[in-house]
Amino acid sequence: MKEHLQFETLAIHAGEQPDMRDGAAGDVAAPIHLSTTFARHEVEKPTAGYEYTRSLNPTRRALEEKLAAIEGVGHGLAFSSGLAAETAILMGLLRSGDHLVASDDLYGGTKRLFNQVLAGFGIAASYADVLDLDAFERAITPSTRMLWVETLSNPLLKVADIRSLAAIARRHGLILVVDDTFLSPCFMHPVALGADIVMHSATKYIGGHSDVLGGVVMTDRDDLYERIQYYQNAAGAVMAPFDSYIVMRGIKTLALRMERHADNALRVARFLEEHPAVGQVVYPGLDSFPQRELHRSQATGDGGIVSFDLRGSVADAKRFLSRLKVIALAESLGGVESLVELPALMTHSSVAPEERQKIGITDTLVRLSVGIENADDLIADLRQALA
Ligand SMILES: *Cc1c(COP(=O)(O)O)cnc(C)c1O
């Protein structure tokens with residue numbers, strides 16, 4: 001695919017050029033190849049490069065090409081979930097005795113993977129506040145191999161300064177991994193800012209319809225790609241052909257959806273900021289957002305997540321959540337439908353209360369994933385539930 005094409009065009013066409021050879025049907029949407037194995041002419045040579053679907057599948061291949069194209073890098077890889085993608089990065093690149101430094105307010109499942117699973121294989125993680133780059137650098141030891149950050153972070157939307165972190169990574173010879181799930185490839189390209197690897201839970205904005213689980217990895221480094229791809233085949237948590245098709249379909253409308261997510265989120269955030277029952281509102285598009293300048297310097301949009309503190313008790317917060325009619329009370333985010341949750345009792349309940357306090361997750365902090373419904377309907381729903 002031509003390099004000068006823009007994001008929206010690549011999102012639709014990359015990886016899916018119609019096959020116009022004699023006898024081919026010329027599908028404009030890549031077909032779903034469910035076959036697990038592929039016939040060949042010769043014993044030693046797979047005829048079209050395909051042998052067995054765990055190793056390589058034409059539908060997953062089309063998605064992986066699209067992912068590389070929309071990130072503007074050489075390689076994309078698709079896994080069965082975001083955590084499977086993370087596992088492939090970690091197990092593919094690290095060894096027993098290695099250490100990584102990560103931001104302290106990571107997705108709970110990522111922290112669980114680091115602390116409960118990797119630790120058992122002799123891979124240690126330490127945590128630092130991404131707002132304090134000196135602390136991040138101080139946490140680096142002689143056995144550190146990797147830095148791992150999320151931006152925007154969950155649920156407080158802290159911004160990691162990717163350019164500065166990349167400089168730290170270079171200085172110490174480390175691999176910088178960015179989990180960019182919250183902004184999607186539509187609003188930020190971490191590799192262009194200096195990251196070595198970007199990963200996403202495709203379950204969120206990339207899939208975008210709360211109907212497929214997936215994880216994706218993009219990198220421009222051949223050496224890292226080869227090791228992660230080796231692990232992908234060796235361990236086997238690949239994205240299935242049907243899921244690959246669904247994720248490709250999601251990517252085609254990613255730009256349209258992200259624009260509407262962001263427009264709606266800004267309107268909702270402004271409404272909440274004016275409401276007497278609401279305390280602090282966190283959204284990168286608000287003038288009050290503390291890291292607005294840094295965010296604007298590395299992202300082209302503000303995303304669809306709004307976090308806010310409700311005044312009152314946990315019981316008041318529960319009452320508010322149960323009164324919502326359009327906005328569903330559910331974990332997850334990034335789908336076309338608006339979802340709301342209480343991190344302290346839901347997504348972040350496994351984080352110790354003292355730790356939550358330290359990070360700034362109060363018991364009445366609400367995380368809202370603003371969907372692409374009509375914003376007036378969302379605001380009316382919030383207004384009646386806050387009354
Ligand atoms: C959901 C999520 C993950 C995990 O992805 P799954 O697809 O649920 O395995 C990782 N990172 C972030 C930021 C997420 O929101």
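Every number for a ligand or one of its atoms is a count from 1 in the order of the listing.
Comment: K358 does not engage D104 in a salt bridge, judged by the lack of any side-chain N to carboxylate O separation of less than 4.0 angstrom. Note on E373 versus R260: no salt bridge recorded, every NZ/NE/NH1/NH2 to OD/OE distance being 4.0 Å or above.
Near E86, meaning under 4.0 Å from one of its heavy atoms, ligand 1 places the atoms 10 (C), 11 (N). With ligand atoms numbered from 1 in the order given, ligand 1 contributes 7 (O) to contacts under 4.0 Å with heavy atoms of G214. The distance from ligand 1 to the heavy atoms of S81 drops below 4.0 Å at these ligand atoms: 7 (O), 9 (O). Those atoms of ligand 1 with a heavy atom of D179 less than 4.0 angstrom away are 10 (C), 11 (N), 12 (C), 13 (C).
Grouping the Ile, Leu, Val, Met, Phe, Trp and Tyr side chains by contacts below 4.5 angstrom, directly or via other members, places V340 with V306.
Nearest protein neighbour of atom 14 (C) of ligand 1, counting heavy atoms only, is K204 NZ, 3.0 Å. The protein heavy atom nearest to atom 8 (O) of ligand 1 is Y107 OH, 3.9 Å.
The line from CG of L174 to CG of L100 is 10.0 Å long, rounded to the nearest 0.5 Å.
For T203, every heavy-atom contact with ligand 1 shorter than 4.0 Å involves the side chain, none the backbone.
Crowding of R145 atom CZ: a count of heavy atoms from other residues, nucleotides or ligands under 6.0 Å exceeding 12.
Below 3.5 Å of separation, one finds no N or O of N154 facing any N or O of ligand 1. Residue contacts with ligand 1: L83 is placed with a nitrogen or oxygen under 3.5 Å of a nitrogen or oxygen of the ligand (distance criterion only). Close N/O approach between G82 and ligand 1 is found [any backbone or side-chain N/O within under 3.5 Å].
In this structure, K45 fails the cation-pi test against F38, since its NZ or CZ atom is not both closer than 6.0 Å to the six-membered ring centre and inside 45 degrees of the ring normal.
Side-chain contact between D302 and F289 is absent, with no heavy-atom pair separated by less than 4.5 Å.
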